[in-house]
**Q** 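Here it is: the structure, laid out below.
Just the heavy atoms: all of them, side chains too, but no hydrogens, waters or symmetry mates, feed the values below. Chain naming here is simple, since letters A, B, ... match the order of the sequence lines and numbering starts at 1 in each.
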Amino acid sequence: DAKTTQPPSMDCAEGRAANLPCNHSTISGNEYVYWYRQIHSQGPQYIIHGLKNNETNEMASLIITEDRKSSTLILPHATLRDTAVYYCIARSAGGTSYGKLTFGQGTILTVHP
Amino acid sequence: KAGVTQTPRYLIKTRGQQVTLSCSPISGHRSVSWYQQTPGQGLQFLFEYFSETQRNKGNFPGRFSGRQFSNSRSEMNVSTLELGDSALYLCASSKVGPGTRAGDEQFFGPGTRLTVL
């Protein structure tokens, strides 16, 4: 799985959009970009994933650059409950990646009132 | 729909003992993965089971083992506990299988907090 690089921390004001960047310059063509978050002392929570098209669900939007070397997770209206560690993961769908997510250090997002 | 459940939630053991942790996946999910989370190493993949077979394994010593039952429930065992095994152990389930999308997401349980004294 390709290595991902994220800023260690970010701040965001409540009600504003939170834009979390991720660099995955060595991603291969069959690797998806996944985002998970972990709120303190809980298990990680799936947010969204995509291959090459932008994706949106009820939680967030995922913007992947055309060359797929980077992506941005957007939380459109951040709330205090969005304060968490956000992980960006590049992962292929099968083979040696069966059931395996490779977590980096992630980005600590702090949402301020 | 019930989520992933893990038992026990907290456990205290002493060095040299062994421990068994249990994970019940979401109904219909056939893949179960296990992870160890420590402050120093972060979240690390232990192994994954599908249809009672281990399909993938992380870089952990043989003291860490697991199994999956026909109902997809899974257990992991750690023998000869060391102080460094103190961690949050997480299991995650995913649907996987014919008809599911490539790259289905994993759903995590709340974890078992193991303390080794």
**Q** Counting only heavy atoms closer than 4.5 Å, note whether L90(B) contacts chain A via side chain, backbone, both or neither.
**A**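 Contact with chain A is through the side chain of L90(B) alone.
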**Q** Should the heavy atoms of other residues, nucleotides or ligands under 6.0 Å from CD of Q105(A) be counted, would the total exceed 12?
**A** no
**Q** Hey, are the side chains of Y36(A) and Q106(B) touching, using non-hydrogen atoms and a 4.5 Å cut-off?
**A** yes
**Q** Between F47(B), W34(B), F45(B), who has the most heavy-atom pairs with chain A when the cutoff is under 4.5 Å?
**A** F45(B)
**Q** With only heavy atoms counted, which part of Y35(B) is less than 4.5 Å from chain A, the side chain, the backbone, both or neither?
**A**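 Only the side chain of Y35(B) comes within 4.5 Å of chain A.
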**Q** Among the clusters formed by ILVMFWY side chains lying less than 4.5 Å apart, do V4(B) and Y10(B) turn up in the same one?
**A** no
**Q** Top residue by heavy-atom pair count (under 4.5 Å) with chain A, among Q6(B), Q44(B), Q37(B)?
**A**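 Top count of heavy-atom pairs under 4.5 Å with chain A: Q37(B).
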**Q** To the closest 0.5 Å, what do you measure between CZ (F108(B)) and CD (Q42(A))?
**A** 13.0 Å
**Q** Grouping I, L, V, M, F, W and Y whenever their side-chain heavy atoms are under 4.5 Å apart, do I26(B) and Y49(B) come out in a common cluster?
**A** no
**Q** Starting from V78(B), can I reach L117(B) by hopping between I/L/V/M/F/W/Y residues whose side chains sit under 4.5 Å apart?
**A**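 The answer is no; the residues belong to distinct hydrophobic clusters.
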**Q** Same cluster or not: V33(A) versus L101(A), using hydrophobic residues (I, L, V, M, F, W, Y) connected whenever any side-chain heavy atoms lie under 4.5 Å apart?
**A** no
**Q** If hydrophobic clusters are built from ILVMFWY residues whose side chains come within less than 4.5 Å, do L20(A) and I108(A) share one?
**A** no
**Q** Please name the pair of heavy atoms, one in Y46(A) and one in E105(B), separated by the smallest distance, quoted to 0.1 Å.
**A** CD1-CB, 3.2 Å
**Q** About how many Å separate CG of L88(B) and CD of Q38(A), when rounded to the nearest 0.5 Å?
**A**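 Going from CD on Q38(A) over to CG on L88(B), the span is 7.5 Å.
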